[in-house]
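Working notes for the structure below.
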2 protein chains.
Amino acid sequence: MGDCTEMLDSETKAVELPEDHAEELRLWLRLLTCTNLIEGEVRGRLRQRFDVTLPRFDLMAQLDKAPDGMTLSDVSKRMMVSNGNVTGLVERLVESGHLDRRTSETDRRVQVIRLTKLGRAEFRRMAAEHETWIADLFADLTPKDVRELMRLLAKTKASAQKSAASRRS
Amino acid sequence: MGDCTEMLDSETKAVELPEDHAEELRLWLRLLTCTNLIEGEVRGRLRQRFDVTLPRFDLMAQLDKAPDGMTLSDVSKRMMVSNGNVTGLVERLVESGHLDRRTSETDRRVQVIRLTKLGRAEFRRMAAEHETWIADLFADLTPKDVRELMRLLAKTKASAQKSAASRRS
DNA sequence: CCAAATTGCTTTAAGCCTAAAATGTTTTCC
DNA sequence: GGAAAACATTTTAGGCTTAAAGCAATTTGG
């Protein structure tokens, strides 16, 4: 009888036996723990050394890679955060003199933001140190580990994107 | 001359040449992207299906594993969030009838929280579905991929903890 | 050309989160 | 016993984040 139901399930996929997904769950929790650990550490160091928040640093990092500026939507997509979130972040960074914001000449809906001279200088200073923190946090991984992790995370990302997309369609 | 400086550096560790940590940086960004992608997806599904937030779900998950209850400090350590954060979360979950909070008999500083019957029932319902979402999001990984990721993430966690600890000492 | 849909951004309301200071409690140690 | 240290939690002030609604500008398709 056990064989019978198993065959039915594996051949027809009509029966939903309670499958065991404990391994995937544990993987997800470990991934989350890892990320939170590192993110918390980076957040703390940015605050202590430079009195800057992680979201601000991340936004400046995006702009550093785009000398011609970006629109708020671009930033929002790249950072994977909501539009309203970016609006607030940009507001505070313009206020503190790190960002320059201007309305596009060709489309008055669009706001183009850039790093100011101050913003770029400060970011470069922070980024240099940030890079050493990251290297330090990952120091015990061999080059091979790093390559393998990169590969597996790429696969994971693709898998998750596929699953997310199929739900929305 | 190149050989000379390289030897000096590798032997004495006294010279700090600008090393290249681009690989580690890319790894960190990919790790972050992956986690954010999955976390966002889970957050959205929890909200749509159950009108519950991820932090609330996470807190209930901790309590589900502790039938005898936990103190707020325990929860705060397990979830890797601040004390004040837990205070607020618990407040709202007690308010909504999912949690029971009482002061410890033996130590009046300590608050012990537990899932109520309602809280446990709702959590179990959500957790069952949550598990299938996770399985789905990781569906394209082979069992070998999963094992390998688990191993590499464990190594990463250990490395990061070591680095974080050494900074604080 | 013009109504309808889309797009880019902001606002709103609510909740999450942190670090630091404050409060009350218990333990330590002289 | 009693002061000092440690501990558990809450409060405070500020910033981050989201979803959803709203507004203005542009594009689309008759």
Side-chain angles (χ1 to χ4, degrees), chain A residues 32 35-37 39-60 69-96 98-99 101-113 168, chain B residues 32 35-37 39-60 69-96 98-99 101-113 168:
Chain A
L32 198 54
T35 303
N36 285 344
L37 179 61
E39 189 170 333
E41 194 61 24
V42 170
R43 185 190 307 279
R45 296 193 198 195
L46 280 175
R47 190 183 48 76
Q48 286 202 343
R49 285 279 298 137
F50 301 112
D51 193 31
V52 77
T53 66
L54 185 51
R56 278 173 215 224
F57 179 79
D58 285 343
L59 176 41
M60 291 169 83
M70 297 173 81
T71 70
L72 295 205
S73 292
D74 288 344
V75 172
S76 154
K77 272 173 210 131
R78 283 293 191 84
M79 293 181 70
M80 303 199 297
V81 298
S82 67
N83 283 346
N85 189 355
V86 174
T87 296
L89 270 175
V90 167
E91 213 161 64
R92 286 182 286 269
L93 279 166
V94 167
E95 171 75 22
S96 64
H98 294 85
L99 257 55
R101 178 203 341 214
R102 61 185 63 169
T103 302
S104 162
E105 306 270 322
T106 58
D107 186 338
R108 272 179 300 174
R109 289 171 304 181
V110 174
Q111 301 281 315
V112 178
I113 53 175
R168 271 189 297 279
Chain B
L32 198 52
T35 302
N36 286 344
L37 180 61
E39 187 170 335
E41 195 60 25
V42 170
R43 185 190 307 278
R45 296 192 197 195
L46 281 174
R47 188 182 49 75
Q48 285 202 342
R49 286 279 298 137
F50 301 112
D51 194 31
V52 76
T53 65
L54 184 52
R56 277 157 147 104
F57 178 80
D58 286 343
L59 176 41
M60 290 169 84
M70 298 173 80
T71 69
L72 296 204
S73 292
D74 288 345
V75 172
S76 153
K77 272 173 210 129
R78 281 294 191 85
M79 294 182 69
M80 302 199 296
V81 299
S82 67
N83 284 347
N85 189 357
V86 173
T87 296
L89 268 174
V90 167
E91 212 160 65
R92 285 182 287 269
L93 279 166
V94 167
E95 171 76 19
S96 64
H98 294 85
L99 259 56
R101 177 202 345 211
R102 63 186 59 168
T103 302
S104 162
E105 306 271 322
T106 57
D107 186 339
R108 272 180 300 175
R109 289 171 303 182
V110 175
Q111 302 280 316
V112 178
I113 54 175
R168 272 190 297 280

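Heavy-atom basis, side chains included; hydrogens, waters and symmetry copies ignored. Just so it is clear: chains get the letters A, B, ... in the order the sequence lines come, proteins before strands, and each one is counted from 1.
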Tell me which residues in residues 87-94 of chain B put a heavy atom below 4.0 Å from DNA chain D, sorted by number, or none. T87(B)
side-chain contact (heavy atoms from CB on, under 4.5 Å) evaluation trace for V90(B) with R101(B): CA-CA 8 Å; V90(B) 167; R101(B) 177 202 345 211; 4.2 Å; yes
Nearest 0.5 Å, what's the OG-CZ distance between S73(B) and R78(B)? 13.0 Å
Which nucleotide, dT10(C), dT18(C), dT9(D), lies nearest any side-chain atom of N83(A)? dT10(C)
Protein N or O to nucleotides 5-7 of chain D N or O, pairs below 3.5 Å:
residue : atom : partner : partner atom : Å
dC7(D)  : O2   : R109(B) : NH1          : 3.0

Looking at side-chain heavy atoms only, is the closest gap between M60(A) and L93(A) below 4.5 Å? yes
Which pairs, with at least one residue in residues 49-58 of chain B and sequence neighbours excluded, count as a salt bridge (Lys or Arg N to Asp or Glu O under 4.0 Å)? R49(B)-E129(B)
If you measure from CE on M79(A) to CG on L89(A), what distance do you get to the nearest 0.5 Å? 6.0 Å
Could you list the residues that satisfy salt bridge (charged side-chain N to carboxylate O under 4.0 Å, His left out) with E39(B), not counting sequence neighbours? R43(B)
Hey, which of T87(B), N85(B), V86(B), T71(B) is the one that makes side-chain contact (heavy atoms from CB on, under 4.5 Å) with S76(B)? V86(B)
Do Q111(A) and R102(A) have side chains that get closer than 4.5 Å, going by heavy atoms? no
Closest non-hydrogen atoms of T103(A) and R108(A), given as atom of the first, atom of the second and distance, are CG2-O, 3.7 Å
Heavy atoms only, 4.0 Å cut-off, all strands: where does M80(B) land among base, sugar-phosphate and nothing? sugar-phosphate
Kindly say if N85(B) contacts the phosphate of dC16(C), meaning a side-chain N or O under 4.0 Å from OP1 or OP2. no
Just how far, in rounded Å, is C1' of dT18(D) from CG of N36(B)? 14 Å
Rounded to whole Å, please give me the gap between CZ in R108(A) and C1' in dA24(D). 9 Å
For DNA chain D, whose closest nucleotide is more 5', that of D107(A) or that of R56(A)? R56(A)
Counting only non-hydrogen atoms, which of residues 70-77 of chain B are less than 4.0 Å from DNA chain C? none
Nearest 0.5 Å please: distance from the NZ atom of K77(B) over to the CG atom of N83(B). 8.5 Å
Within the supplied structure, the quantity of interest is the number of heavy atoms (other residues, nucleotides, ligands) at a distance under 6.0 Å from R45(B) CZ; does it exceed 12? yes
Where the side chain of Q111(B) is concerned, which of dT9(D), dT18(C), dT10(C) is the nearest nucleotide? dT9(D)
Between CG of L59(B) and P of dC17(C) the distance, given in whole Å, is 10 Å
Going from CG on L59(B) to NE2 on H98(B), what distance comes out if it is rounded to the nearest 0.5 angstrom? 11.0 Å
Contacts to DNA chain D from residues 39-55 of chain A, heavy-atom cutoff under 4.0 Å, which residues? T53(A), P55(A)
Enter the distance from L46(A):CG to T53(A):OG1 here, rounded to the nearest 0.5 Å. 8.0 Å
